[in-house]
Amino acid sequence: MVSELINANPTVYEKKERRARNPPDDVDEYAVEPIDQQEIFDILSADIKDPEHPYSLEELKVITEDAIEVDDKSSYVRITFTPTVEHCSMATVIGLCLRVKLMRSLPSRYKVCVCYYLVNQVDIRVAPGTHATEAAVNKQLNDKERVAAALENPNLVDMLDECLAPSYE
């Protein structure tokens, strides 16, 4: 985690109670599995920790289920996240964590593989009016060359892996 805290006393919220998912009885293992808002939220809220604190992004309300849009037919996902403070220097890291988690979790039809520069189907944004440099952060998070370059930085990848490491509560 980061040594100098930007937000030393964040508000911590209860985790949302998970709804049970009932898979159909007649599962065709070759069929395309539909993906919805709840599934994306479950993927993102499970283990992503804030870069500054031991809390999950869900516990800090950085991500919420309502801020996720999914169009499964078009294989499109938009994540809108809210930093805990307007001047959060970790906003880009948080956005990269969200993108990397989706790259590792979603099927290839969502085209989040940065190595082929196909990041257009997953859109990650800072909520409007919640960050001082919102436009710059959004541009960086959705520019394929910038994302690819960031993921070639071993120090940054180590930080992302630390934020994405599972916690065993």
Side-chain angles (χ1 to χ4, degrees), residues 1-2 6-7 30-53 55-58 60-167:
M1 299 295 157
V2 177
I6 303 300
N7 184 3
Y30 299 106
V32 173
E33 180 185 336
I35 294 178
D36 60 13
Q37 181 185 39
Q38 180 187 354
E39 184 162 359
I40 298 294
F41 182 72
D42 289 346
I43 290 168
L44 296 177
S45 64
D47 289 317
I48 303 178
K49 291 181 286 301
D50 183 84
E52 290 189 310
H53 300 286
Y55 305 113
S56 72
L57 297 183
E58 178 187 11
L60 298 174
K61 285 220 191 269
V62 172
I63 57 168
T64 62
E65 191 169 351
D66 293 339
I68 297 170
E69 298 173 41
V70 178
D71 180 351
D72 191 53
K73 286 183 175 56
S74 301
S75 299
Y76 177 80
V77 175
R78 171 178 273 180
I79 310 297
T80 303
F81 69 97
T82 304
T84 58
V85 291
E86 188 177 286
H87 54 279
C88 178
S89 63
M90 293 289 146
T92 305
V93 173
I94 291 168
L96 284 171
C97 283
L98 296 170
R99 182 170 297 286
V100 169
K101 182 69 172 184
L102 291 174
M103 284 172 48
R104 293 176 181 175
S105 303
L106 289 177
S108 60
R109 66 188 170 96
Y110 279 86
K111 300 178 183 176
V112 292
C113 183
V114 174
C115 56
Y116 297 111
Y117 298 105
L118 296 171
V119 294
N120 311 15
Q121 299 300 328
V122 175
D123 184 18
I124 299 179
R125 302 211 168 263
V126 174
T130 64
H131 197 275
T133 60
E134 170 189 335
V137 171
N138 288 341
K139 183 176 181 177
Q140 190 166 5
L141 290 174
N142 291 293
D143 181 287
K144 57 190 175 190
E145 286 87 10
R146 290 179 188 206
V147 170
L151 296 178
E152 290 177 6
N153 179 329
N155 294 326
L156 183 55
V157 170
D158 287 346
M159 180 184 277
L160 296 175
D161 286 341
E162 187 177 324
C163 292
L164 296 173
S167 59

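Not measured: the values here are computed from a predicted model.
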Which heavy atom of [X] sits nearest a heavy atom of [Y], and at what distance?
X	Y	answer
Pro83	His131	CG-CD2, 3.9 Å
Ala127	Thr82	CB-OG1, 3.5 Å
Met90	Pro51	SD-CB, 3.7 Å
Val100	Leu151	CG2-CD2, 3.7 Å
Val147	Leu141	CG2-O, 3.5 Å
Pro34	Asp72	CA-OD2, 3.3 Å

Exercise for review: Please tell me if the side chains of Leu44 and Leu57 come closer than 4.5 Å, counting only heavy atoms from C-beta onward.
Suggested key: no

Review point. Do Ile124 and Leu98 touch side chain to side chain, with heavy atoms closer than 4.5 Å?
Key: yes

**Study point:** Short side-chain donor-acceptor distance under 3.5 Å, Ser89 and His87
**Key:** no

As an exercise, state the distance from [atom1] of [X] to [atom2] of [Y], rounded to the nearest 0.5 Å.
X	Y	atom1	atom2	answer
Lys101	Leu164	NZ	CG	6.5 Å
Cys88	Glu52	SG	CD	6.0 Å
Glu134	Lys139	CD	NZ	14.5 Å
Leu60	Glu58	CG	CD	10.0 Å
Asp36	Asp71	CG	CG	12.5 Å
Ile79	Ile63	CD1	CD1	7.5 Å

Check your understanding: Can you check whether Ile68's main-chain N or O pairs, donor with acceptor, with Gln37's side chain at less than 3.5 Å?
Key -> yes

Practice item. Give the intermediate values and the outcome of side-chain contact (heavy atoms from CB on, under 4.5 Å) for residues Asn142 and Arg99. Key: CA-CA 9 Å; Asn142 291 293; Arg99 182 170 297 286; 2.9 Å; yes

**Study point:** Cationic N near anionic O, under 4.0 Å, Arg104 to Asp161
**Key:** yes

**Study point:** Worked verdict on Val93 versus Leu156 for side-chain contact (heavy atoms from CB on, under 4.5 Å)
**Key:** CA-CA 8 Å; Val93 173; Leu156 183 55; 4.1 Å; yes

**Study point:** Pairing residues for Thr80 by the side-chain hydrogen bond (donor to acceptor under 3.5 Å, both in side chains) criterion, not counting sequence neighbours
**Key:** none

Check your understanding: Given the rule in the side-chain contact (heavy atoms from CB on, under 4.5 Å) test, do Val70 and Tyr76 qualify, once you have shown the distances and angles that lead to the verdict?
Key -> CA-CA 6 Å; Val70 178; Tyr76 177 80; over 6 Å; no

Point to revise | side chain to side chain contact (heavy atoms under 4.5 Å, CB included) involving Glu69 - partner list, sequence neighbours excluded | key: Arg78

Practice item. Show your working on side-chain contact (heavy atoms from CB on, under 4.5 Å) between Asp50 and Cys163 and close with a plain yes or no. Key: CA-CA 6 Å; Asp50 183 84; Cys163 292; over 6 Å; no

